[in-house]
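Contents: one structure, followed by commentary.
Treat the numbers as computed from the prediction; the structure is a model and nothing was measured. Whatever order the structure lists them in is the order used to number ligands and atoms, beginning at 1.
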Amino acid sequence: MSRHPRKTRISAKLYRATTLFLTAFLASATVVDSSFSQEASKPSIMIGDFEGKDYGDWTVEGDAFGTAPVWGYKLGGMGSVFGYRGEKLVNTLVPNGDAATGTLTSPEFAIERDYIVFHIGGGAFPGETGVSLIVDGKTIKTETGLFNQSRVGHEGLEPRVWNVKEFLGRKAKIVVFDKKAGGDWGHIKADYFYQTDESIPGGANYVLLPDDAQPVEYNPMILGQFIEHFHRQVYGGIFEPGSPLADEIGLRKDVVEALRELRVPIVRWPGGCFVSAYHWIYGTGAERQPYFDKAWHVEDPNTFGTAEYVKWCRLIGAEPYICTNAGTGTPEEMSDWVEYCNLNVGKYGRKRIADGDPEPFNVKYWSVGNENWGGHEMGAKTVEEWGPLVRESSKLMINTDPNIKLLAAALPNENWTVPLLKTAGHLLDYVSIHGYWSWIDKDKKPAPYIRCMMLTTRPELDMLHTIDMLDRTGFRGRIKIAFDEWNLRGWHHPGIGNPKALDLEARKLNDDNSVYTMADALFSACFLNSCLRRCEDVTMACFSPVVNVRGALYVYPEGIVKRTTFHVFKLYGELLEKNYLPVDFASEILKDGEQSTPKIDVALTCDDAKERFTLVVVNKDPENAAQTALRFDKLVGKLPEEIKATVLQGSSADSYNDVGNENAVVPEEITLKIEDGKVSIPPHALCFLRFVK
Ligand code: AHR
């Protein structure tokens with residue numbers, strides 16, 4: 001392990017892409033200082049961050065700890081792990097399971113600050129699973145894990161603070177121990193040990209700024225969108241020739257206006273599963289033949305093709321991003337599409353000019369394929385086929401236009417993505433991954449609010465897993481992650497991959513606006529916060545889709561409805577500053593049966609001058625406000641007594657917007673009091689707090 005124990009500020013690098021679901025310490029009031037000091041303090045001293053490729057100068061005994069810290073996405077069969085810092089932690093469940101035993105001991109260090117802060121989780125077995133402080137050879141303090149065999153507790157980590165003022169100047173060691181030889185929860189989790197003079201704020205929820213946290217510019221393309229030829233997204237969505245609301249080529253003007261308001265940075269098109277049997281050439285020129293869409297089992301009129309898409313992107317102010325057919329298509333067909341869009345020469349470049357567009361479309365972002373790993377996809381590929389196909393397709397596409405950026409269909413799975421990277425990684429700029437976390441129940445009911453909240457930490461696990469694969473294959477930094485299809489709710493299309501179960505009628509359930517509540521809004525906000533935390537690696541994300549089905553905008557013949565998620569994208573686009581600034585946060589726990597999640601999710605952004613700050617806080621609790629201590633004195637000096645906030649919450653967690661009730665959930669400007677350094681975040685709310693230095 002790299003950097004402990006030594007006298008240093010906690011480095012900026014350490015805070016890179018921090019997972020900060022530091023969880024509640026409800027039962028441990030005795031170890032937490034409840035004062036809220038705003039005095040300047042000496043820099044913190046790192047004892048163990050567990051971000052390295054091994055345990056560094058900590059000593060491992062026994063077999064419980066393996067040889068290295070564990071990536072946070074490795075759950076070892078558990079539902080979720082949260083509350084660790086950065087990317088990795090100590091987790092004795094993963095290397096060798098619950099039965100393994102052992103200890104992990106820090107090198108000796110001098111106690112030079114008033115407090116030792118660390119994070120702990122795992123089994124609650126006194127004397128068997130825990131963390132101890134040894135001073136001058138004697139065990140002075142011990143903390144036990146959090147979950148017992150009666151299934152009380154949770155799977156995350158919580159912060160703990162040891163007041164060590166009386167031991168200043170003495171020699172100490174920390175021992176993480178797992179002496180439990182078996183049974184459920186016979187493991188310990190721990191992370192991020194440091195010495196500090198700052199007491200962490202009292203109360204269950206807090207947000208604080210670590211020493212030397214450095215701003216990182218995030219890519220606004222994380223606020224991107226996706227549109228597919230499916231149900232009423234294109235036809236009857238953005239494109240409706242003959243409608244009084246459409247322009248001369250059939251593009252709905254009310255939709256364009258709403259999406260301009262959203263400032264959409266990029267839109268991926270035309271699919272999705274649709275693209276894997278789509279031949280682009282038939283969607284160009286004056287002659288358009290309807291054709292049968294084998295992915296979705298409907299006839300596509302083919303009147304919305306490349307030119308219409310690019311024009312629509314320009315109208316809404318978004319960058320076009322084309323996904324190619326790597327199912328039934330060929331590398332040649334893909335590269336001909338690049339030629340059609342971006343060159344003025346060649347058969348296809350000239351065809352575009354002849355079709356009425358003399359200027360190149362200059363489409364910069366191109367993806368090889370969509371989910372070609374899946375049996376549901378037309379022309380699905382084996383892993384052996386995929387790498388070579390991506391390599392050769394990329395080669396032809398780059399040879400047509402070397403300025404394009406290339407993506408390829410991947411997923412957070414070793415067996416698919418590692419071979420892809422090894423074979424074609426040298427030609428790629430991004431890997432494309434997708435996620436839908438809640439599929440409709442068998443009784444056709446969407447998941448209720450609380451179940452959706454339990455899913456809010458999942459997307460970050462997929463990001464981390466993909467980051468790990470990029471890291472291991474040597475592509476981290478050069479290849480970025482595009483989460484270019486994501487939504488809380490899977491689209492409702494019974495029969496995908498199984499035509500005998502096809503139910504075209506059931507697709508209409510996607511149009512039921514009552515489905516899209518504050519659950520969708522808050523899940524989406526947590527997703528975007530995860531992109532911010534991982535912004536060095538995740539530089540594009542496309543909400544799926546932009547209109548209709550599960551989209552942010554509901555479009556019907558007479559008008560539009562801005563669903564709850566529309567306001568989320570608008571607020572993130574308008575209120576965030578351009579840099580992400582890592583924070584530590586701790587949270588109470590929200591439970592649904594045995595599942596748990598941190599009650600709050602937090603992200604902080606700032607301008608280049610570090611003078612303007614926007615703090616985003618999501619309170620997932622459906623009923624109760626979240627009293628949250630803010631420790632921002634390092635940023636803005638003394639906190640004001642009250643602060644203006646923009647809040648999206650609706651009147652209940654199940655509120656939604658609909659035709660005739662369009663404004664049930666809209667952003668509101670409110671004033672929040674800051675008392676004793678704490679602010680009360682309303683229930684089921686997305687809250688933006690702005691601070692100025
Ligand atoms: O459910 C939507 C479909 O999901 C998209 O077409 C595809 O990319 C994914 O499987």
Side-chain angles (χ1 to χ4, degrees), residues 224-235 237-238 266-278 293-298 300 304 309 321-329 365-381 386 407-413 416-417 430-441 444 446-447 455 458-459 462 481-499 501-504 506-512 515-516 520 523 527 540-552 565:
Q225 300 282 340
F226 168 59
I227 187 149
E228 175 163 0
H229 291 234
F230 173 78
H231 198 44
R232 296 190 312 102
Q233 293 178 37
V234 173
Y235 304 104
I238 63 172
I266 189 162
V267 184
R268 176 175 178 258
W269 169 86
C273 299
F274 168 82
V275 78
S276 292
Y278 175 67
D293 162 8
K294 298 188 185 73
W296 299 124
H297 311 267
V298 293
D300 188 301
F304 187 91
Y309 162 67
Y321 161 20
I322 291 181
C323 177
T324 62
N325 175 359
T328 63
Y365 295 92
W366 292 83
S367 146
V368 181
N370 173 76
E371 296 186 3
N372 306 77
W373 40 264
H376 61 285
E377 201 69 17
M378 299 295 110
K381 299 289 180 276
W386 188 237
L407 301 86
L411 76 167
N413 176 295
W416 181 268
T417 300
Y430 298 81
V431 284
S432 142
I433 61 171
H434 296 171
Y436 300 89
W437 288 269
S438 175
W439 291 89
I440 207 151
D441 280 348
K444 299 196 174 159
L455 300 169
R458 298 298 172 93
D462 290 343
I481 297 169
F483 222 125
D484 56 14
E485 266 189 60
W486 71 271
N487 198 313
L488 163 65
R489 302 184 197 277
W491 301 0
H492 193 47
H493 40 44
I496 184 174
N498 177 14
L502 194 66
D503 184 352
L504 293 182
R507 292 180 188 178
K508 291 186 184 150
L509 289 176
N510 289 299
D511 293 335
D512 176 356
V515 169
Y516 311 102
D520 301 71
F523 178 91
F527 180 97
M540 188 199 297
C542 304
F543 189 62
S544 167
V546 62
V547 305
N548 286 336
V549 188
R550 306 311 200 185
T565 45

Centroid-centroid under 6.0 Å between [X] and [Y] rings:
X	Y	result
W386	W373	no
W486	F543	yes
H493	W296	yes

Are Y436 and S544 close enough that a side-chain donor and a side-chain acceptor fall under 3.5 Å?
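Present: a donor and an acceptor within the cut-off.
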Against heavy atoms of H376, which atoms of ligand 1 measure under 4.0 Å?
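Under 4.0 Å from H376, ligand 1 has these atoms: 10 (O).
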Give the atom numbers and elements of ligand 1 that come within less than 4.0 Å of a heavy atom of C273.
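By the 4.0 Å cutoff, the relevant atoms are 5 (C), 6 (O), 7 (C), 8 (O), 10 (O).
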Test your reading of the structure: does [X] have an N or O sitting under 3.5 Å from an N or O of ligand 1?
X	result
N370	yes
W439	no
W491	no
I496	no

Students should be able to answer this: which protein heavy-atom is nearest to [atom], and at what distance?
atom	value
atom 6 (O) of ligand 1	E228 OE1, 2.6 Å
atom 8 (O) of ligand 1	E485 OE2, 2.5 Å
atom 10 (O) of ligand 1	E371 OE1, 2.5 Å
atom 1 (O) of ligand 1	H493 NE2, 2.6 Å

Indicate the ring-plane relationship of W269 and Y278, choosing parallel, tilted or perpendicular according to the 30° and 60° boundaries.
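Geometry flag for Y278 against W269: perpendicular rings.
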Can any side-chain N or O of E228 pair as donor or acceptor with the backbone N or O of F274 at less than 3.5 Å?
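Yes; at least one donor-acceptor contact below 3.5 Å.
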H434 versus N370: any side-chain heavy-atom pair under 4.5 Å?
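When only atoms from C-beta onward are counted, N370 and H434 do touch, with a gap below 4.5 Å.
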Location of contacts on W296 toward ligand 1, heavy atoms closer than 4.0 Å
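Answer for W296: side chain.
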Evaluate side-chain contact (heavy atoms from CB on, under 4.5 Å) for T565 paired with Y516, printing each intermediate quantity in order.
CA-CA 8 Å; T565 45; Y516 311 102; 5.8 Å; no
With the threshold set at under 4.0 angstrom, would you say E377 reaches ligand 1 through any of its heavy atoms?
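Checking ligand 1 against E377, which is what was asked, there is no heavy-atom contact under 4.0 Å.
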